[in-house]
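Structure, as structure tokens:
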Amino acid sequence: MKAFKTFLTVLLFSAALPVAFGASTKSDYQKDFDFSGLHTFSFKTERDSRDRLATNTIEAQRIQNALSVQLQQNGFTQSSGNPDFIVAYYSRVKEKTEINSTGFGYGPGWGWGYGVPYHARWRWGRGPDIWTYTYTQGCVMADIIDTKTQDLVWRGVVKDTVDGIGQSEKQVNSAAKDLVQRFLKDRRSAEKQRAKNQAK
């Protein structure tokens, strides 16, 4: 019975991991902007002294290279002359804590419970099993800036767990791919909406 309870605890904990540890991608953009005119790009390299990538140049170069590869593979051309848009990118790392509960308990002698009759404090005994775990969440964000107006026209962010002091090469490549794919999706949505507006 004890082995079964231990197995169940591990199973429930594992089931909660994808919710906290799964990568997520979000974006926002100017709905009325004409993205069809964006073909060439370059990167913004100036950084504030408080920006962690100002000192972590290894990670900065890693992110830039990954974004450059993904953009060029999807038809854009990197230019040092007069590009159509500027790509600015950032990276953040933050400690996160998740609290999980099974919602039920298995009686005295197993698990930390929280509930009747000893509510408002942790206790050993009946009640739901509650546990916490701490992990490091990394965030890679990319901005696309129209060089003609200097306006921010698109922003995307990918959040995932990281190990060590920053994003690994594998995580950076994955984040760059997710960001560019989201940009292409938003670009198509904007073009469809512009076509509908023009047809009215």
Side-chain angles (χ1 to χ4, degrees), residues 14 16-30 33 35-98 133-191:
S14 299
L17 290 180
V19 176
F21 295 167
S24 64
T25 306
K26 295 182 179 181
S27 63
D28 195 12
Y29 62 98
Q30 287 190 23
F33 181 76
F35 288 92
S36 63
L38 302 183
H39 304 287
T40 59
F41 70 94
S42 64
F43 288 97
K44 179 181 178 181
T45 56
E46 301 84 6
R47 294 194 177 278
D48 187 276
S49 58
R50 295 169 294 180
D51 188 337
R52 64 186 299 271
L53 294 183
T55 54
N56 191 345
T57 56
I58 295 176
E59 185 176 344
Q61 192 62 51
R62 183 179 292 156
I63 295 173
Q64 180 171 316
N65 290 343
L67 287 170
S68 178
V69 168
Q70 288 298 321
L71 286 168
Q72 292 185 73
Q73 286 182 351
N74 285 278
F76 299 97
T77 303
Q78 188 166 352
S79 172
S80 58
N82 187 26
D84 299 321
F85 64 98
I86 301 294
V87 180
Y89 57 91
Y90 313 91
S91 176
R92 301 286 186 271
V93 174
K94 184 178 181 181
E95 291 296 315
K96 303 280 287 185
T97 299
E98 294 288 338
Y133 53 92
T134 302
Y135 62 96
T136 304
Q137 183 185 70
C139 163
V140 175
M141 183 171 70
D143 288 345
I144 289 183
I145 304 165
D146 178 28
T147 53
K148 294 179 181 178
T149 62
Q150 296 301 308
D151 288 339
L152 174 66
V153 297
W154 184 88
R155 168 170 287 177
V157 58
V158 175
K159 294 181 180 180
D160 199 356
T161 56
V162 297
D163 297 319
I165 61 175
Q167 318 283 344
S168 69
E169 185 173 0
K170 182 179 179 180
Q171 288 173 317
V172 165
N173 291 338
S174 178
K177 183 177 181 179
D178 290 345
L179 285 169
V180 173
Q181 289 303 312
R182 178 60 69 94
F183 169 61
L184 295 174
K185 179 181 178 181
D186 291 342
R187 183 186 185 186
R188 290 191 295 268
S189 296
E191 290 176 350

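As a basis for the values below, the full set of heavy atoms in this structure was taken, side chains included, without hydrogen atoms, waters or symmetry mates. Start at 1 with the first residue, then count along the sequence.
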- Task: Output, in order, the C-alpha distance, side-chain angles, deciding distance and verdict of side chain to side chain contact (heavy atoms under 4.5 Å, CB included) for Gln150 and Ile86.
- Result: CA-CA 9 Å; Gln150 296 301 308; Ile86 301 294; 5.7 Å; no

Original post:
Without hydrogens or angle criteria, can the side chains of Gln72 and Ser68 be said to hold a donor-acceptor pair below 3.5 Å?
Top reply: yes

message: Using modelled atom types and a 3.5 Å cut-off, is there a donor and acceptor pairing between side-chain atoms of Arg182 and backbone atoms of Thr25?
response: yes

Worksheet item: So, the side chain of Asp84 versus the backbone of His39: is there a donor-acceptor pair under 3.5 Å, distance only?
Response: yes

Distance-minimising heavy-atom pair for [X] and [Y]:
X      : Y      : value
Gly156 : Leu179 : C-CD2, 3.4 Å
Ala54  : Arg47  : N-CD, 3.9 Å
Val158 : Asp178 : CG2-CB, 4.0 Å
Pro83  : Thr147 : O-OG1, 2.8 Å
Val172 : Ala66  : CG1-CB, 3.6 Å

### Task
Could you go through the side chain to side chain contact (heavy atoms under 4.5 Å, CB included) check for Phe43 and Gln78 one step at a time?
CA-CA 9 Å; Phe43 288 97; Gln78 188 166 352; 3.8 Å; yes

Is any side-chain heavy atom of [X] less than 4.5 Å from a side-chain heavy atom of [Y]?
X      : Y      : result
Asp143 : Tyr90  : yes
Ser27  : Phe183 : no
Asn56  : Gln61  : no
Trp154 : Val87  : no
Thr149 : Phe33  : no

ring-ring contact (aromatic ring centres under 6.0 Å, His included) test vs Phe76 passes for just one of Phe41, Phe85, Phe35, namely Phe85

Note to self: Assess the residue pair Arg92 and Asp51 against the criterion (side chain to side chain contact (heavy atoms under 4.5 Å, CB included)); give the C-alpha distance rounded to whole Å, side-chain angles, the decisive distance to 0.1 Å, and a yes or no.
What the structure shows: CA-CA 9 Å; Arg92 301 286 186 271; Asp51 188 337; 4.0 Å; yes

Just to verify, what does [X] make a salt bridge (Lys or Arg N to Asp or Glu O under 4.0 Å) with, not counting sequence neighbours?
X      : answer
Asp151 : none
Asp186 : none
Arg188 : none

**Message:** Checking Arg50 against Asp48 for the salt bridge (Lys or Arg N to Asp or Glu O under 4.0 Å) test, could you report, in this order, the C-alpha distance in whole Å, the side-chain angles of both residues, the deciding distance, and whether it holds?
**Reply:** CA-CA 5 Å; Arg50 295 169 294 180; Asp48 187 276; 3.0 Å; yes

